[in-house]
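Throughout, protein chains are lettered first and strands after them, A, B, ... in sequence-line order, and every chain is numbered starting at 1. All values reported here derive from a predicted model rather than from experimental measurement.
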Amino acid sequence: MPNTRFYVTTPIYYVNDRPHTGHAYTSVLADVMAGYHRLLGIDTWFLTGTDEHGQKVQDSAAERDVAPQALCDEMAAHFGDLLERLRVRNDDFVRTTEPRHTAVVTQVLAELHARGDVYLDHYEGWYCARCERYWTDRDVEEQGGGRCPDQPELHGVERLAEENYYFRMSKYADRLREAIETDVFRVHPEKRKNEVLGFLKKGLTDLCISRNRERLSWGVPLPFDDKYVCYVWVDALFNYKSAIGYLAADDAEHERHARWWPADVHVIGKDILTTHAVYWPTLLMAMGEALPRMVLAHGWLLDSRGGKLSKTKREGDDAEGVLPVPTIDGLLDVFGADGTRWFLATAMKPGDDTAFDWTIVRERVNTDLANGLGNTANRLLKMAAGACDGVFPGLGEDDDVGETQERVRAAAVAAVDAVRAFPETLDVTAVVAAVRSGVAAISLFLQDEKPWKLVKTDDGLPRARIVIAWSLESLRLLALAVHPILPESFATLRTALGMTGDLDFARESQFGALPEGARLGAPPNLFPRIGADAIPSA
RNA sequence: GCCGGCGUGGCUCAGUUGGUUAGAGCGGCGGAUUCAUAACCCGCAGGUCGUUGGUUCAAGUCCAACCGCCGGCACCA
């Protein structure tokens, strides 16, 4: 079934923390997915935003003696800035403190309550206010008592006995298991799917969805009991629907929701798998809503020693002999938006963790972009300027097509074919691999034909022009294939390669689409080589 | 403890349903070349494919056990 539209989301980022490379990774991954769909002419909606309620936000605001909303405004702006600097093209940016969102959460809660899927129950146990959750007696005892099992050094727990509202999540366990097993609701990669199924096999409990307002006021009040606010995750998850007009009274909004829901892909980090693969779908079932088609749980970027980039450790920390971890600001400063995006987009196959440091990023950017794409563009356009007066000479007669020449064409076609397959595969790696082979094919072709020598004789000149033309055409398709990853460089390169007017993939992806006589641009230096001295520290 | 995954040349990894001399990229070394961003091109790395046993005419490629690492879950303290 061909996709007629594509709705992709990132998690909404929690404003308690400043944006770091992990956020950038998720955002770029989703952006690249959105970009490939747009390139193919598929209507695309890409949503991201910020998660602004909850205990940590309330506490941080209190510590800094500012209003929670002020803190949210400040932090949301940081995330917005990051997206801009990364050239991420999200279609919307939702904030959970916006009325359009809180109104939806309120309605959802009322509806769940009215349907009998929310009930009041008594609970007594150890509560960690910072983590906003209860722990079992055993968990707490394991820590020696009194401390939070998750962050014993930082958080204390308190004994609480209170009434709370619960969502009848257990009721939907069987349906959820079936949806996952049959891939009606895909959990990707397979490893994560198995984890969720294993989790479900042990039986689901109900989910506590209320927090006592005396402790936590920064949240959406329960419409049926204002002594409580909504558990932050239940609040947060509904952003995926509130932002596209869910439950809106307005007709146009209503239609917008019908158009985009269900989401095609929720891109998430593996740390929030349970919320997205269990809480979210069961909540949707309770509301009688369709499930998203896929949750894609990616891995983490790790520091050079294999440690996780954590919020408490702060990236960039070079203590204890760990190589400095590049900060997102640092990456952008040194490699620019495109270089940073290239690294992030090719850093790992979604699913696995990947260690990285400055050297790894530098090598990848230099090899693929400076030595590869950039150098090829530069040398070809320089040749074209000399041998063809800066005008595309046309592909010439087809009767003299040698092996390397045909390979150049085939490699470029393979790259745009990988792009066409993207909606099915969602495989950025495959596109990148095809582009790398394409660049290599051009290099071999040039080496084989040596147009710089042919050009020196009148007899050789026509052949040189054909070699240059085929290479340029190939490069043009390769550029098209990486457009969603390298938006800035693509624009420059496309113009330099002679294409004008609005981008039209169907036309431009044809080998030979560039008309003879098209005006070529000056040789660009798209990706300057990054020297070792350009990276911070030693 | 249970479930799942992984362990291939310095690094990162490919290796179809088991079958000729186990591959690629990066780094390193040597060569060629100069159209290009010290780039590109060519050649080199002799790795017992974690260990030990099996199945088979034939096993990184299947089975078992073990070792190590990683996820998830559980339990004890």
Side-chain angles (χ1 to χ4, degrees), chain A residues 136-145 149 187 189-205 269-274 277-278 297-300 302 304-308 323 339 343 346-349 351-357 359-388 404 429-430 432-437 439-456 460-461 464-465 467-468 471-472 475 489 522-532 534:
Chain A
T136 63
D137 290 350
R138 193 190 297 120
D139 285 334
V140 173
E141 281 163 24
E142 282 174 17
Q143 279 307 322
V187 179
E190 198 73 8
K191 190 198 300 188
R192 302 300 165 200
K193 171 178 171 179
N194 290 333
E195 272 179 33
V196 177
L197 288 173
F199 184 81
L200 291 175
K201 197 178 291 181
K202 297 180 297 117
L204 267 191
T205 57
K270 63 182 186 180
D271 49 326
I272 52 175
L273 181 63
T274 303
V278 180
H298 69 244
W300 287 331
L302 306 173
S304 60
R305 209 173 47 178
K308 144 184 191 194
L323 292 174
F343 169 71
T346 62
M348 52 181 148
K349 43 179 199 276
D352 294 335
D353 297 342
T354 296
F356 81 120
D357 58 32
T359 305
I360 288 170
V361 182
R362 190 170 77 89
E363 279 174 5
R364 173 152 300 143
V365 169
N366 278 343
T367 298
D368 290 337
L369 302 184
N371 302 349
L373 261 181
N375 181 46
T376 302
N378 188 253
R379 67 195 297 211
L380 276 175
L381 284 163
K382 200 160 282 187
M383 285 183 217
C388 317
T404 54
T429 314
V432 169
V435 169
R436 285 181 180 136
S437 337
V439 170
I442 294 173
S443 286
L444 283 172
F445 182 39
L446 295 176
Q447 194 60 34
D448 200 38
E449 301 271 357
K450 299 183 174 54
W452 52 90
K453 281 190 175 169
L454 291 171
V455 115
K456 289 174 180 167
L461 190 57
R465 287 181 171 156
V467 171
I468 292 167
S471 300
L472 284 169
L475 180 63
S489 318
N525 188 345
L526 291 172
F527 308 103
R529 199 162 218 295
I530 308 298

* **Pairwise C1' distance, B/C62 and B/U16 [rounded to whole Å]** => 15 Å

* Taking for each residue the nucleotide of RNA chain B with the nearest heavy atom, is it A/V439 or A/K382 whose nucleotide lies nearer the 5' end? -> A/K382

* P-based separation of B/U52 from B/G9 [nearest Å] -> 16 Å

* Candidates B/G27, B/C73, B/U37 - which lies nearest the side chain of A/K202 -> B/C73

* To do: In whole angstrom, give me the gap between the P atoms of B/C67 and B/G28.
  => 40 Å

* Do any side-chain nitrogens or oxygens of A/K450 fall under 4.0 Å of OP1 or OP2 in B/U33? -> no

* **Options B/U37, B/C35, B/C41, nucleotide nearest the side-chain atoms of A/R529** => B/U37

* Asked: Which value, in whole Å, describes the distance between the C1' atoms of nucleotides B/G54 and B/U61?
  -> 16 Å

* Asked: Whole Å only: how far is the CG atom of A/L369 from the P atom of B/C26?
  -> 14 Å

* **Conformer about C1'-N of B/G50 - syn within 90° of 0, anti elsewhere** => anti

* For A/N366 and A/I530, indicate whether the former's side chain and the latter's backbone hold a donor-acceptor pair under 3.5 Å. => yes

* Would you mind pulling out the nucleotide paired to B/G7, Watson-Crick or G-U wobble, both distances under 3.5 Å? => B/C67

* May I ask you to say what A/K201 touches in the nucleic acid, namely base, sugar-phosphate or nothing, with a heavy-atom cut-off under 4.0 Å? => nothing

* Asked: For B/U61, what is the paired nucleotide under Watson-Crick or G-U wobble rules, both distances under 3.5 Å?
  -> none

* Structure fact -> Partner of B/C49 under the Watson-Crick or G-U wobble criteria, both distances under 3.5 Å, comes out as none

* Rounded to the nearest Å, what distance is computed from the NZ atom of residue A/K193 to the C1' atom of nucleotide B/C73? -> 19 Å

* To do: Output yes when at least one side-chain N/O atom of A/N194 is less than 4.0 Å from OP1 or OP2 of B/C3, else no.
  => no

* Asked: How about A/L526 and A/L369: do any of their side-chain heavy atoms sit closer than 4.5 Å?
  -> no

* What distance, rounded to whole Å, do you find between the two C1' atoms, one in B/A32 and one in B/A14? -> 30 Å

* Asked: Can you tell which of B/C40, B/C35, B/C41 lies closest to the side chain of A/M383?
  -> B/C35

* Between B/G25 and B/A45, how far is it from one P atom to the other, in whole Å? -> 14 Å

* For A/G374, which contact category applies under a 4.0 Å heavy-atom criterion: base, sugar-phosphate, or nothing? -> base

* Between A/R465 and A/C388, is there a donor-acceptor pair closer than 3.5 Å when you use the side chain of the first and the backbone of the second? -> no

* Structure fact -> Taking B/G71, B/C42, B/C40 as options, the one with an atom nearest any side-chain atom of A/R192 is B/G71

* **Side chains of A/T429 and A/V432 in contact at under 4.5 Å (non-hydrogen atoms)** => no

* Are A/P451 and A/R379 side-chain neighbours, meaning at least one heavy-atom pair lies under 4.5 Å? -> no

* What's the CH2-C1' distance between A/W452 and B/U33, to the nearest Å? -> 8 Å

* To do: Indicate, with a heavy-atom threshold strictly under 4.0 Å, whether A/L273 touches base, sugar-phosphate, or nothing.
  => nothing

* Output the single nucleotide from B/G71, B/C35, B/U37 whose closest atom is nearest the side chain of A/N378. => B/U37

* Go through B/U37, B/U34, B/C41 for me and flag the one nearest to the A/K453 side chain. => B/U34

* To do: Choose from B/C41, B/U37, B/C26 the nucleotide whose nearest atom is closest to any side-chain atom of A/A370.
  => B/U37

* Distance in angstrom units between A/F199 CZ and B/G4 P, rounded -> 19 Å

* Which value, in whole Å, describes the distance between the C1' atoms of nucleotides B/G47 and B/G4? -> 29 Å

* Do A/L475 and A/I442 have side-chain heavy atoms sitting under 4.5 Å apart? -> yes

* Would you indicate what A/N525 reaches in the nucleic acid, counting non-hydrogen atoms under 4.0 angstrom: base, sugar-phosphate, or nothing? => base

* Structure fact -> The Watson-Crick or G-U wobble partner of B/G1, with both key distances under 3.5 Å, is B/C73

* Residue A/S443, side-chain heavy atoms: nucleotide from B/C41, B/U37, B/G71 that is nearest -> B/C41

* Asked: Expressed in angstrom and rounded to an integer, what is the separation of A/E363 atom CD from B/C11 atom P?
  -> 14 Å

* Provide the distance between the two C1' atoms, one in B/G50 and one in B/G68, to the nearest whole Å. => 8 Å

* G-U wobble or Watson-Crick pairing nucleotide for B/C44 (cut-off 3.5 Å, both distances) -> B/G28

* **Derivation and outcome, side chain to side chain contact (heavy atoms under 4.5 Å, CB included), residues A/L381 and A/L472** => CA-CA 8 Å; A/L381 284 163; A/L472 284 169; 4.1 Å; yes

* Asked: What is the distance from NZ of A/K191 to C1' of B/C73, rounded to the nearest Å?
  -> 16 Å

* Give me the one residue out of A/V278, A/L273, A/N194 that meets side-chain contact (heavy atoms from CB on, under 4.5 Å) with A/F199. => A/V278

* Asked: A/L475 has an atom CG; how far is it from atom C1' of B/C40, in whole Å?
  -> 14 Å

* Asked: Between A/L444 and A/G198, who's closer to the 5' end of RNA chain B by nearest nucleotide?
  -> A/L444

* Asked: In whole Å, what is the span from the CD atom of A/E190 to the P atom of B/C3?
  -> 19 Å

